[in-house]
Amino acid sequence: MFLSENPSKKVYVYAYPDTVGNATDNFNIGKDNVNTARRLMIQNGITSNRIVSISKGEESSGATGNNRSIVVIVK
């Protein structure tokens with residue numbers, strides 16, 4: 001596994017909720033989404049100090065559709 005072989009690398013998780021509703025609620029939905037992804041990664045052996053989770057609020061992910069989460073491993 002890439003992370004096992006590269007202990008200095010971190011995983012970045014970004015959540016992009018939809019734009020329906022108000023900005024504060026959407027930011028919080030994004031936080032819930034990244035926290036769920038974070039929890040699943042920890043359950044699968046990735047230590048918490050290697051996961052950076054970020055809610056992007058209503059900022060566009062550049063993709064179509066709603067409620068996207070994107071995981072990026074920084075090399």
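- Side-chain atoms of Ile42 and Arg38, non-hydrogen and from C-beta on, do get closer than 4.5 Å to each other.
- For the residue pair Gly30 and Ala15, the shortest heavy atom distance occurs at O-CB, 3.3 Å.
- Residues Phe2 and Val13 are members of one and the same hydrophobic cluster, defined by side-chain heavy-atom contacts under 4.5 angstrom among Ile, Leu, Val, Met, Phe, Trp and Tyr.
- Put simply, the side chain of Ile51 reaches to within 4.5 Å of the side chain of Ile46, judged on heavy atoms.
- Here the CE-OG1 distance, from Met41 to Thr36, works out to 11.0 Å after rounding to the nearest 0.5 Å.
- Summarising the geometry, atom OH belonging to Tyr16 is positioned 8.5 Å from atom CD1 belonging to Ile54; distances are rounded to the nearest 0.5 Å.
- Going from atom OG of Ser53 over to atom OH of Tyr14 covers 10.5 Å, rounded to the nearest 0.5 Å.
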### Task
Apply side-chain hydrogen bond (donor to acceptor under 3.5 Å, both in side chains) to the pair Asn35 and Asp32, showing each step before the final yes or no.
CA-CA 5 Å; Asn35 286 335; Asp32 289 344; 5.1 Å; no

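- At a cut-off of 3.5 Å, with distance as the only test, a side-chain donor of Asp25 or Asn22 sits close to an acceptor on the other residue.
- Between Arg50 and Leu3, the closest side-chain pair of non-hydrogen atoms falls below 4.5 Å.
- In this structure, CZ on Arg39 lies 12.5 Å from CG on Asn44, to the nearest 0.5 angstrom.
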